[in-house]
> 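Encoded as C-alpha coordinates, here's the structure I'll be asking about.
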Amino acid sequence: DVRFKGCKYVSEGMLQKVVAPIKGAMMTPVTTERMVEAVLRAYRAGGLSLAQIDTAYLDEATGDLTLELDEGIIRAIDVQGGERTQDPFILREFPLTTGDVFEIGKARRGLSNLGGTKLFEFVYLEITAADDRIRLTIRIKERPSQLVRFGMRADDERQLQGLLDIRDENFQGTGMELGFTIAGGPRNGDLTLEYKAQRLFESYVTFGVNAFHRSYDSYMYATPPQEQPNRWNRDRIGEYREIRYGFGVSFGSLLERLGNTSVDLLWQKVRLVNLDRLTTLDERYRLVLVRLSTVIDTKDSYPFPTAGVGLKFSYEFSLEGLGSEIGYNSLYLMYESYGSWGRHLTFHPKFTMGISDKTMPLAQQFRLGGR
(Lines give C-alpha, C1' and ligand atoms only; values in the text may rest on other atoms or scores of the structure.)
Protein backbone atom coordinates (compact mmCIF):
# COMPACT_ATOMS: atom_id res chain seq x y z
CA ASP A 1 0.00 0.00 0.00
CA VAL A 2 0.99 3.66 -0.31
CA ARG A 3 0.08 6.11 2.44
CA PHE A 4 0.25 9.93 2.32
CA LYS A 5 0.85 12.46 5.07
CA GLY A 6 0.44 16.21 4.72
CA CYS A 7 -1.82 16.17 1.66
CA LYS A 8 -4.43 18.89 2.09
CA TYR A 9 -4.80 20.77 -1.19
CA VAL A 10 -4.72 17.68 -3.43
CA SER A 11 -7.00 14.92 -2.20
CA GLU A 12 -5.58 11.61 -1.10
CA GLY A 13 -8.04 9.89 -3.40
CA MET A 14 -6.51 11.59 -6.44
CA LEU A 15 -3.00 10.72 -5.29
CA GLN A 16 -4.01 7.09 -4.76
CA LYS A 17 -5.09 6.95 -8.41
CA VAL A 18 -1.69 8.35 -9.43
CA VAL A 19 0.29 5.68 -7.51
CA ALA A 20 -2.09 2.78 -8.22
CA PRO A 21 0.17 1.27 -10.95
CA ILE A 22 3.04 0.64 -8.51
CA LYS A 23 0.99 -1.15 -5.86
CA GLY A 24 1.91 -4.81 -5.72
CA ALA A 25 5.05 -4.17 -7.81
CA MET A 26 8.68 -4.45 -6.81
CA MET A 27 10.32 -1.18 -5.67
CA THR A 28 13.08 -0.23 -8.09
CA PRO A 29 14.81 3.08 -8.86
CA VAL A 30 12.79 3.35 -12.09
CA THR A 31 9.37 2.74 -10.49
CA THR A 32 10.21 5.06 -7.61
CA GLU A 33 11.24 7.87 -9.93
CA ARG A 34 8.09 7.46 -12.02
CA MET A 35 5.93 7.53 -8.91
CA VAL A 36 7.59 10.69 -7.58
CA GLU A 37 7.20 12.43 -10.95
CA ALA A 38 3.53 11.40 -11.17
CA VAL A 39 2.76 12.75 -7.69
CA LEU A 40 4.50 16.07 -8.35
CA ARG A 41 2.81 16.33 -11.75
CA ALA A 42 -0.58 16.10 -10.01
CA TYR A 43 0.40 19.04 -7.80
CA ARG A 44 1.77 21.07 -10.73
CA ALA A 45 -1.50 20.55 -12.59
CA GLY A 46 -3.29 22.21 -9.67
CA GLY A 47 -0.93 25.19 -9.68
CA LEU A 48 0.96 24.10 -6.54
CA SER A 49 4.34 24.48 -8.16
CA LEU A 50 6.47 24.40 -4.98
CA ALA A 51 5.08 21.10 -3.62
CA GLN A 52 7.65 18.35 -2.99
CA ILE A 53 8.01 14.98 -1.31
CA ASP A 54 9.75 15.68 1.98
CA THR A 55 10.29 12.11 3.20
CA ALA A 56 9.62 8.61 1.87
CA TYR A 57 10.11 5.39 3.80
CA LEU A 58 9.11 1.74 3.34
CA ASP A 59 7.95 -0.47 6.19
CA GLU A 60 9.56 -3.76 5.17
CA ALA A 61 7.39 -5.78 7.56
CA THR A 62 4.06 -4.64 6.06
CA GLY A 63 5.21 -3.49 2.62
CA ASP A 64 3.62 -0.07 3.15
CA LEU A 65 5.26 2.95 1.53
CA THR A 66 4.67 6.26 3.33
CA LEU A 67 5.15 9.61 1.59
CA GLU A 68 5.30 12.81 3.67
CA LEU A 69 4.44 15.81 1.50
CA ASP A 70 5.44 19.45 1.77
CA GLU A 71 2.81 21.21 -0.33
CA GLY A 72 4.76 24.47 -0.39
CA ILE A 73 3.61 26.46 2.63
CA ILE A 74 4.76 30.09 2.60
CA ARG A 75 6.65 30.90 5.80
CA ALA A 76 7.32 34.61 5.13
CA ILE A 77 6.57 37.38 2.60
CA ASP A 78 8.83 40.43 2.32
CA VAL A 79 8.57 43.64 0.29
CA GLN A 80 11.76 45.25 -1.01
CA GLY A 81 12.31 48.49 -2.92
CA GLY A 82 9.41 50.58 -1.63
CA GLU A 83 10.34 54.08 -0.48
CA ARG A 84 6.91 55.72 -0.07
CA THR A 85 4.57 52.80 -0.63
CA GLN A 86 3.58 51.10 2.60
CA ASP A 87 4.05 47.33 2.85
CA PRO A 88 0.41 46.70 3.93
CA PHE A 89 -0.80 48.23 0.64
CA ILE A 90 1.48 45.88 -1.35
CA LEU A 91 0.46 42.83 0.66
CA ARG A 92 -3.23 43.73 0.36
CA GLU A 93 -3.00 43.59 -3.44
CA PHE A 94 -1.15 40.24 -3.29
CA PRO A 95 -3.63 37.38 -2.71
CA LEU A 96 -1.13 35.06 -0.98
CA THR A 97 -0.30 35.43 2.73
CA THR A 98 1.98 33.75 5.24
CA GLY A 99 0.72 30.24 5.98
CA ASP A 100 -0.87 29.76 2.55
CA VAL A 101 0.27 27.12 0.10
CA PHE A 102 2.01 28.74 -2.86
CA GLU A 103 -0.19 28.79 -5.97
CA ILE A 104 1.33 30.08 -9.18
CA GLY A 105 -2.03 31.39 -10.44
CA LYS A 106 -2.54 33.57 -7.37
CA ALA A 107 1.05 34.80 -7.54
CA ARG A 108 0.58 35.90 -11.15
CA ARG A 109 -2.70 37.61 -10.27
CA GLY A 110 -0.99 39.46 -7.44
CA LEU A 111 1.76 40.74 -9.73
CA SER A 112 -0.92 41.79 -12.23
CA ASN A 113 -2.82 43.64 -9.49
CA LEU A 114 0.29 45.56 -8.47
CA GLY A 115 1.23 46.33 -12.06
CA GLY A 116 -2.30 47.56 -12.72
CA THR A 117 -1.98 50.28 -10.07
CA LYS A 118 0.43 52.12 -12.44
CA LEU A 119 2.50 53.10 -9.37
CA PHE A 120 5.56 51.00 -10.20
CA GLU A 121 8.09 50.83 -13.01
CA PHE A 122 8.41 47.09 -12.40
CA VAL A 123 7.20 44.41 -10.00
CA TYR A 124 8.62 40.91 -9.77
CA LEU A 125 8.67 38.00 -7.35
CA GLU A 126 11.64 36.13 -5.87
CA ILE A 127 11.20 32.71 -4.27
CA THR A 128 13.81 31.31 -1.91
CA ALA A 129 13.79 28.07 0.09
CA ALA A 130 16.21 27.45 2.96
CA ASP A 131 15.84 24.98 5.81
CA ASP A 132 12.49 23.91 4.36
CA ARG A 133 11.18 27.47 4.72
CA ILE A 134 9.73 29.12 1.63
CA ARG A 135 10.14 32.89 1.56
CA LEU A 136 8.58 35.20 -1.05
CA THR A 137 10.14 38.58 -1.79
CA ILE A 138 8.11 41.12 -3.77
CA ARG A 139 10.56 43.55 -5.38
CA ILE A 140 9.23 46.86 -6.66
CA LYS A 141 10.53 50.10 -8.14
CA GLU A 142 8.24 53.06 -7.68
CA ARG A 143 7.37 55.66 -10.28
CA PRO A 144 7.46 59.33 -9.26
CA SER A 145 4.04 59.97 -7.72
CA GLN A 146 4.19 63.59 -6.52
CA LEU A 147 3.61 65.47 -9.75
CA VAL A 148 3.04 68.98 -11.08
CA ARG A 149 1.80 69.22 -14.66
CA PHE A 150 1.55 72.34 -16.82
CA GLY A 151 -0.35 72.72 -20.07
CA MET A 152 -1.21 75.37 -22.63
CA ARG A 153 -3.60 75.52 -25.56
CA ALA A 154 -4.52 78.17 -28.12
CA ASP A 155 -7.37 78.21 -30.63
CA ASP A 156 -9.63 80.75 -32.33
CA GLU A 157 -12.68 79.77 -30.27
CA ARG A 158 -11.34 80.11 -26.70
CA GLN A 159 -8.05 81.92 -27.31
CA LEU A 160 -5.21 81.09 -24.90
CA GLN A 161 -5.85 78.58 -22.12
CA GLY A 162 -3.64 77.27 -19.35
CA LEU A 163 -3.63 74.29 -17.02
CA LEU A 164 -2.00 73.53 -13.67
CA ASP A 165 -2.40 70.09 -12.12
CA ILE A 166 -0.91 69.27 -8.70
CA ARG A 167 -1.28 65.64 -7.75
CA ASP A 168 -0.02 62.88 -5.46
CA GLU A 169 -0.83 59.55 -7.10
CA ASN A 170 0.37 57.56 -4.08
CA PHE A 171 -0.93 59.65 -1.19
CA GLN A 172 0.68 58.61 2.11
CA GLY A 173 2.02 55.52 0.35
CA THR A 174 -1.39 53.81 0.31
CA GLY A 175 -2.15 53.92 -3.43
CA MET A 176 -4.75 56.67 -2.97
CA GLU A 177 -4.73 59.69 -5.30
CA LEU A 178 -5.25 63.31 -4.27
CA GLY A 179 -5.25 66.03 -6.91
CA PHE A 180 -6.09 69.68 -7.57
CA THR A 181 -6.59 71.05 -11.10
CA ILE A 182 -7.10 74.60 -12.28
CA ALA A 183 -7.61 75.24 -15.99
CA GLY A 184 -9.17 77.75 -18.34
CA GLY A 185 -8.90 80.99 -20.22
CA PRO A 186 -11.00 84.05 -21.17
CA ARG A 187 -14.10 81.96 -22.02
CA ASN A 188 -13.93 78.96 -19.72
CA GLY A 189 -12.68 77.96 -16.28
CA ASP A 190 -12.42 74.76 -14.24
CA LEU A 191 -11.47 74.15 -10.60
CA THR A 192 -11.48 70.52 -9.43
CA LEU A 193 -10.39 68.86 -6.20
CA GLU A 194 -10.53 65.07 -6.29
CA TYR A 195 -9.68 62.01 -4.24
CA LYS A 196 -9.48 58.43 -5.55
CA ALA A 197 -8.95 55.11 -3.82
CA GLN A 198 -8.20 51.91 -5.70
CA ARG A 199 -10.02 49.93 -3.02
CA LEU A 200 -12.90 50.80 -0.73
CA PHE A 201 -11.86 49.31 2.62
CA GLU A 202 -10.94 45.65 1.92
CA SER A 203 -13.18 45.22 -1.13
CA TYR A 204 -12.25 45.34 -4.82
CA VAL A 205 -14.51 48.35 -5.38
CA THR A 206 -12.83 51.59 -6.43
CA PHE A 207 -13.99 54.84 -4.86
CA GLY A 208 -13.71 58.49 -5.76
CA VAL A 209 -15.05 61.83 -4.61
CA ASN A 210 -14.60 65.26 -6.18
CA ALA A 211 -15.73 68.87 -5.83
CA PHE A 212 -15.77 71.30 -8.76
CA HIS A 213 -16.63 74.78 -10.02
CA ARG A 214 -16.87 75.30 -13.79
CA SER A 215 -17.85 78.01 -16.22
CA TYR A 216 -18.20 77.75 -19.98
CA ASP A 217 -19.16 80.43 -22.52
CA SER A 218 -21.07 79.42 -25.65
CA TYR A 219 -22.34 81.23 -28.71
CA MET A 220 -25.91 80.86 -29.94
CA TYR A 221 -26.46 80.58 -33.69
CA ALA A 222 -29.39 80.90 -36.09
CA THR A 223 -29.86 80.25 -39.80
CA PRO A 224 -30.58 83.44 -41.79
CA PRO A 225 -32.24 83.52 -45.24
CA GLN A 226 -29.88 81.87 -47.70
CA GLU A 227 -29.08 84.50 -50.34
CA GLN A 228 -26.55 82.60 -52.45
CA PRO A 229 -27.09 79.20 -54.04
CA ASN A 230 -24.78 76.38 -52.93
CA ARG A 231 -23.65 78.38 -49.87
CA TRP A 232 -24.88 77.88 -46.32
CA ASN A 233 -24.64 80.72 -43.78
CA ARG A 234 -25.00 80.91 -40.02
CA ASP A 235 -25.37 84.04 -37.88
CA ARG A 236 -24.17 84.44 -34.33
CA ILE A 237 -27.16 85.85 -32.42
CA GLY A 238 -25.86 85.90 -28.86
CA GLU A 239 -23.66 84.45 -26.16
CA TYR A 240 -24.37 82.89 -22.77
CA ARG A 241 -22.36 81.51 -19.84
CA GLU A 242 -22.97 78.18 -18.15
CA ILE A 243 -21.91 78.09 -14.49
CA ARG A 244 -22.04 74.95 -12.40
CA TYR A 245 -20.61 73.80 -9.10
CA GLY A 246 -21.10 70.76 -6.93
CA PHE A 247 -19.60 67.43 -5.99
CA GLY A 248 -19.60 63.83 -7.18
CA VAL A 249 -19.16 60.38 -5.69
CA SER A 250 -18.09 57.39 -7.78
CA PHE A 251 -17.97 53.64 -7.18
CA GLY A 252 -16.42 51.30 -9.72
CA SER A 253 -14.91 47.94 -10.45
CA LEU A 254 -12.17 46.84 -12.84
CA LEU A 255 -13.01 44.35 -15.60
CA GLU A 256 -9.75 42.38 -15.54
CA ARG A 257 -7.51 44.25 -17.99
CA LEU A 258 -10.31 45.26 -20.36
CA GLY A 259 -11.67 48.36 -18.66
CA ASN A 260 -14.04 49.26 -15.85
CA THR A 261 -17.64 49.79 -14.87
CA SER A 262 -18.79 52.57 -12.54
CA VAL A 263 -21.74 54.24 -10.84
CA ASP A 264 -21.57 58.03 -10.33
CA LEU A 265 -23.76 60.26 -8.21
CA LEU A 266 -23.50 63.97 -9.07
CA TRP A 267 -25.03 66.88 -7.16
CA GLN A 268 -24.71 70.26 -8.83
CA LYS A 269 -26.16 73.74 -9.10
CA VAL A 270 -26.48 74.98 -12.68
CA ARG A 271 -27.05 78.51 -13.96
CA LEU A 272 -27.23 79.97 -17.46
CA VAL A 273 -26.44 83.69 -17.73
CA ASN A 274 -26.96 86.04 -20.68
CA LEU A 275 -23.74 87.65 -21.95
CA ASP A 276 -24.93 89.12 -25.24
CA ARG A 277 -28.44 89.60 -26.71
CA LEU A 278 -30.03 86.60 -24.98
CA THR A 279 -32.12 88.47 -22.43
CA THR A 280 -34.74 85.74 -22.17
CA LEU A 281 -32.16 83.13 -21.24
CA ASP A 282 -31.94 82.88 -17.45
CA GLU A 283 -32.05 79.39 -15.96
CA ARG A 284 -31.23 78.24 -12.44
CA TYR A 285 -31.85 74.77 -11.10
CA ARG A 286 -30.43 71.93 -9.03
CA LEU A 287 -29.47 68.66 -10.73
CA VAL A 288 -28.95 65.33 -9.00
CA LEU A 289 -27.69 62.79 -11.53
CA VAL A 290 -27.02 59.08 -11.49
CA ARG A 291 -24.74 57.81 -14.25
CA LEU A 292 -24.09 54.12 -14.99
CA SER A 293 -21.19 53.60 -17.37
CA THR A 294 -18.92 50.92 -18.77
CA VAL A 295 -15.60 51.41 -20.53
CA ILE A 296 -13.92 48.68 -22.59
CA ASP A 297 -10.39 49.40 -23.77
CA THR A 298 -8.14 46.93 -25.61
CA LYS A 299 -5.82 49.48 -27.22
CA ASP A 300 -2.22 48.31 -27.33
CA SER A 301 -0.53 51.55 -26.22
CA TYR A 302 -1.12 55.11 -25.10
CA PRO A 303 -1.35 57.83 -26.38
CA PHE A 304 -0.74 56.50 -29.92
CA PRO A 305 -2.29 53.03 -30.28
CA THR A 306 -1.97 51.00 -33.47
CA ALA A 307 -4.46 48.22 -32.65
CA GLY A 308 -7.45 47.57 -30.42
CA VAL A 309 -10.88 49.02 -29.73
CA GLY A 310 -12.47 51.43 -27.29
CA LEU A 311 -16.09 51.33 -26.16
CA LYS A 312 -17.90 53.62 -23.74
CA PHE A 313 -21.57 53.25 -22.87
CA SER A 314 -23.44 55.26 -20.24
CA TYR A 315 -26.99 55.74 -19.06
CA GLU A 316 -27.72 58.93 -17.15
CA PHE A 317 -30.90 59.94 -15.38
CA SER A 318 -32.08 62.72 -13.11
CA LEU A 319 -35.20 62.28 -11.00
CA GLU A 320 -37.07 64.77 -8.87
CA GLY A 321 -37.35 62.03 -6.25
CA LEU A 322 -33.58 62.26 -5.80
CA GLY A 323 -33.76 65.98 -5.04
CA SER A 324 -33.32 67.21 -8.58
CA GLU A 325 -35.48 70.08 -9.85
CA ILE A 326 -35.46 68.70 -13.42
CA GLY A 327 -35.84 65.09 -14.49
CA TYR A 328 -34.58 63.52 -17.71
CA ASN A 329 -33.00 60.38 -19.20
CA SER A 330 -30.16 60.04 -21.70
CA LEU A 331 -27.98 57.39 -23.34
CA TYR A 332 -24.47 57.83 -24.69
CA LEU A 333 -22.45 55.43 -26.86
CA MET A 334 -18.93 55.80 -28.26
CA TYR A 335 -17.09 53.16 -30.29
CA GLU A 336 -13.65 53.47 -31.84
CA SER A 337 -11.16 51.06 -33.38
CA TYR A 338 -7.55 51.15 -34.45
CA GLY A 339 -6.05 49.12 -37.28
CA SER A 340 -2.65 49.41 -38.92
CA TRP A 341 -1.89 49.24 -42.63
CA GLY A 342 1.78 48.43 -42.92
CA ARG A 343 4.25 49.97 -40.50
CA HIS A 344 3.47 53.67 -40.82
CA LEU A 345 -0.30 54.07 -41.29
CA THR A 346 -3.03 53.59 -38.69
CA PHE A 347 -6.73 53.89 -39.50
CA HIS A 348 -8.93 55.18 -36.67
CA PRO A 349 -12.72 55.29 -37.25
CA LYS A 350 -14.85 56.59 -34.37
CA PHE A 351 -18.63 56.64 -33.89
CA THR A 352 -20.47 58.63 -31.22
CA MET A 353 -24.21 58.77 -30.53
CA GLY A 354 -26.34 60.39 -27.84
CA ILE A 355 -30.08 60.09 -27.21
CA SER A 356 -32.20 61.89 -24.62
CA ASP A 357 -35.81 62.78 -23.90
CA LYS A 358 -37.17 66.27 -24.52
CA THR A 359 -36.98 67.28 -20.85
CA MET A 360 -33.18 67.41 -20.96
CA PRO A 361 -32.13 70.99 -20.06
CA LEU A 362 -29.99 73.10 -22.39
CA ALA A 363 -26.89 72.88 -20.20
CA GLN A 364 -26.91 69.06 -20.40
CA GLN A 365 -27.66 68.70 -24.11
CA PHE A 366 -25.22 67.07 -26.52
CA ARG A 367 -23.20 69.51 -28.61
CA LEU A 368 -22.57 68.64 -32.23
CA GLY A 369 -18.85 68.26 -32.71
CA GLY A 370 -18.16 68.12 -28.99
CA ARG A 371 -16.01 70.49 -27.03
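All values below were derived from every heavy atom in this structure, side-chain atoms included, with hydrogens, water molecules and symmetry-related copies excluded. The model shown is predicted, which means the values in this text are computed figures rather than measured ones.
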> For Glu316 and Leu292, indicate whether the former's side chain and the latter's backbone hold a donor-acceptor pair under 3.5 Å.
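Answer holds: no.
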> Describe, in one word, how the ring planes of Phe251 and Phe207 are oriented to each other, choosing from parallel (under 30°), tilted (30 to 60°) and perpendicular (over 60°).
tilted
> If you count every heavy atom of other residues, nucleotides or ligands that lies below 6.0 Å from Arg3 atom CZ, does the total exceed 12?
no
> Run the ring-centre check on Phe317 versus Tyr315 and record whether the distance is less than 6.0 Å.
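Yes, the ring centres sit under 6.0 Å apart.
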> Can we say Asp87 and Arg92 salt-bridge, meaning some charged N sits less than 4.0 Å from an Asp/Glu carboxylate O?
no
> Quick one: do Arg149 and Glu169 make a salt bridge, cutoff under 4.0 Å?
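Answer for the salt bridge query: yes.
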> Using a 4.5 Å cut-off on heavy atoms from C-beta on, say whether the side chain of Asp217 contacts that of Glu239.
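Of all side-chain heavy-atom pairs linking Asp217 with Glu239, at least one is under 4.5 Å.
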> Is any side-chain heavy atom of Asn113 closer than 4.5 Å to one of Arg109?
yes
> Can any side-chain N or O of Glu325 pair as donor or acceptor with the backbone N or O of Gly323 at less than 3.5 Å?
no
> Take atom CD of Glu157 as the centre, draw a 6.0 Å sphere, and report whether it contains more than 12 heavy atoms from other residues, nucleotides or ligands.
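Atom CD in Glu157 is crowded, with more than 12 foreign heavy atoms closer than 6.0 Å.
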> Rounded to the nearest 0.5 Å, how far does CG of Leu91 lie from CD1 of Ile138?
5.5 Å
> With rounding to the nearest 0.5 Å, note down the distance linking CZ in Phe120 to CD1 in Ile140.
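The CZ atom of Phe120 sits 4.5 Å away from the CD1 atom of Ile140.
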> Where do Gln268 and Phe212 land on the side chain to side chain contact (heavy atoms under 4.5 Å, CB included) test, with the steps shown first?
CA-CA 9 Å; Gln268 51 188 311; Phe212 57 87; 4.0 Å; yes
